[in-house]
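Worksheet for the structure shown next.
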Number of protein chains: 2
Amino acid sequence: MRVGELSSLSGVPTPTIKYYMREGLLPPGERTSRNQAHYDDRHLRRLRLIRALLDVGGLSVAVARDVIAALDSPDTGTHKLLGAAQQTVIRTAAYCDDEAREDATAEVLDLVHRQGWKVSADSPAVAAAAEVVGALRQLGLHDFVDRLDDYAHAADAIAATDLDLVRRRPDVDGMAEAVVLGNILGDALLAGLRRLAQVHRSAELFSSGPE
Amino acid sequence: MRVGELSSLSGVPTPTIKYYMREGLLPPGERTSRNQAHYDDRHLRRLRLIRALLDVGGLSVAVARDVIAALDSPDTGTHKLLGAAQQTVIRTAAYCDDEAREDATAEVLDLVHRQGWKVSADSPAVAAAAEVVGALRQLGLHDFVDRLDDYAHAADAIAATDLDLVRRRPDVDGMAEAVVLGNILGDALLAGLRRLAQVHRSAELFSSGPE
DNA sequence: CCATGATAGATAGTCCCGCTATCGGAAGTG
DNA sequence: CACTTCCGATAGCGGGACTATCTATCATGG
């Protein structure tokens, strides 16, 4: 197919498709002449992936490019790919000062130890979690931090399902996609499910309240 | 204190503080004359909240304003506040077409029923979850959707901790903050913890792999 | 076989967002 | 009284995600 058809099938405007190709999100089509190229359903699928990452996952174009590059890279062991997927989601915000961050990092490492997780201390995931813990502390929500283990336990259950799904994938390509999408869309999914569960439990708790 | 001190204590530049006041994120100080105002530690605390919402929570200024408005609103029952906090996190992206969204909504409502959750069908949380489910389906990750119940179970455990923390809050103001921050920072926290758990489990599974 | 319309590639422009810079006039401070 | 700080307002800036336009090409159908 040509660009016009790709556009109408995907719902993405032609100039935007060109933009994605310029930015390296979408591979170029198979050239048939100087100003003509063919696209196939891989392009269509890729476009859908891009829109999912941007719209549902809330990723920036630059981050989406990195994710896709990791997906395309042939030497991608699952463990390494997981690392790449992680990099993408980690916020690089520097909220709290160095001292608070150090304390928070120690706290997270303690938690990791309590959970029996084997994770290197310089993993970006540690830094990300520490950032949030530091923020919670600075805002005085210490009781929140006191329940870290509860949250960690739930996270462990989630990761178990994640990895199980990945393991069951028939092919490596599918595995890669499952890892990335499971993380990025999974975050959005979990946020939604958490809200749902909250609504239910909150209604039960405060059913005597207003409204 | 005056603006300069507020700025140095919070680490937020003076012009940015003024910008936040213009945008309604930060209440004005107590005016002492035509061009002088006093700020207190409530302003400092609020500034820290704002930075946490923006930097750690990844909210936009406009959404942060809505969150803060809900916090300030005096008539805020906890249940209602929870609803307000939810609105803020829901992505309004329209990824999939109407038909797919309808199917996905039905699927989510089924899940809600299986979990025994009592949630009205037009809750924004339902729409948010349905959006993700629709995206997963359109991308062909059906096995992911098959494990929805596992994720829902974990979400339920998380919500239980959330609500328990809220219930234990001594004052209403603290409750409101706990709800909002627990949701917004909690999402970031869970994402981090999930990555941590994944790293651990993935290392166990694929320890024979490269690196 | 040529007019018409779509296409590739390149460049420039647009809009929004989150600040940031500047300015005029007034107030505190040594 | 000089000097700094502050308020309020307006304007500007830099980045991100498109979007519009232009030219040279090519496919196609009457």
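Just so you know, these numbers come straight off a predicted model, no measurement behind them. Chain identifiers are assigned alphabetically (A, B, ...) following the order of the sequence lines, protein sequences preceding nucleic acid strands; residue numbering begins at 1 within each chain.
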Would you please test A:Arg48 and B:Tyr95 for side-chain contact (heavy atoms from CB on, under 4.5 Å) and show each step?
CA-CA 9 Å; A:Arg48 281 205 253 264; B:Tyr95 172 76; 3.7 Å; yes
Give one of base, sugar-phosphate or nothing for B:Ser60, where a contact means two heavy atoms less than 4.0 Å apart.
sugar-phosphate
Among C:dG18, C:dA10, D:dA9, which nucleotide has an atom closest to any side-chain atom of B:Lys18?
D:dA9
Any B:Tyr39 side-chain N or O less than 4.0 Å from OP1/OP2 of D:dC7
yes
Check each residue of residues 42-52 of chain B for a non-hydrogen atom within less than 4.0 Å of any atom in DNA chain D, then write out the ones that pass by number, or none.
none
B:Arg34, nearest nucleotide to its side chain (from C:dA8, D:dC26, C:dA26)
C:dA26
Using whole Å, report how far CD1 of A:Ile17 lies from C1' of D:dT19.
14 Å
B:Asn35 atom CG is separated from D:dC6 atom P, nearest whole Å, by 11 Å
How close do A:Ala188 and A:Val56 get, counting heavy atoms only, and between which atoms?
CB-O, 4.0 Å
Is the shortest side-chain N/O distance from B:Thr16 to OP1 or OP2 of C:dT20 below 4.0 Å?
yes
Of the listed nucleotides (D:dC26, C:dC19, D:dC18), which one gets closest to any side-chain atom of B:Leu54?
C:dC19
Output the rounded distance in Å from CG (B:Leu26) to P (D:dC7).
11 Å
Atom-to-atom span, CE of B:Met1 to P of C:dG28 - whole angstrom:
18 Å
A:Arg31 side-chain proximity, nearest of C:dG9, D:dG8, D:dC7:
C:dG9
Between B:Ala104 and B:Gly134, which heavy-atom pair has the shortest distance, and what is it?
CB-N, 3.6 Å
Nearest-Å distance for atom pair CD/C1', residues B:Glu23 and D:dG8
15 Å
Test for a donor-acceptor pair under 3.5 Å between the base of C:dT20 and the side chain of B:Arg22, counting only N and O atoms.
yes
Side chains of A:Arg137 and A:His142 only: does a donor on one sit below 3.5 Å from an acceptor on the other?
yes
Taking only Lys NZ, Arg NE, NH1 and NH2, and the carboxylate oxygens of Asp or Glu, determine whether B:Asp146 and A:Arg168 approach each other closer than 4.0 Å.
no
If each of A:Gln36 and A:Tyr19 is mapped to the nucleotide of DNA chain D with the nearest heavy atom, which maps nearer the 5' terminus, i.e. the 5' end?
A:Tyr19
Could you state the CG-P distance from A:Leu53 to D:dG16, rounded to the nearest angstrom?
18 Å
Please work out if A:Thr32 contacts a base, only the sugar-phosphate, or nothing of the nucleic acid, heavy-atom cut-off 4.0 Å.
nothing
Side-chain donor-acceptor distances from residues 14-24 of chain A under 3.5 Å, at least two apart:
| residue | atom | partner | partner atom | Å |
| --- | --- | --- | --- | --- |
| A:Tyr20 | OH | A:Arg51 | NH1 | 3.2 |
| A:Glu23 | OE1 | A:Arg65 | NH1 | 3.4 |

side-chain contact (heavy atoms from CB on, under 4.5 Å) between A:Leu165 and B:Leu141, intermediate numbers included:
CA-CA 10 Å; A:Leu165 277 169; B:Leu141 281 88; over 6 Å; no
Any salt bridge between B:Asp162 and A:Arg201, counting N to O under 4.0 Å?
no
Can you check whether A:Tyr20 has a side-chain N or O nearer than 4.0 Å to OP1 or OP2 of D:dC18?
yes
Taking OP1 and OP2 of D:dT4, is either one under 4.0 Å from a side-chain nitrogen or oxygen of B:Arg2?
no
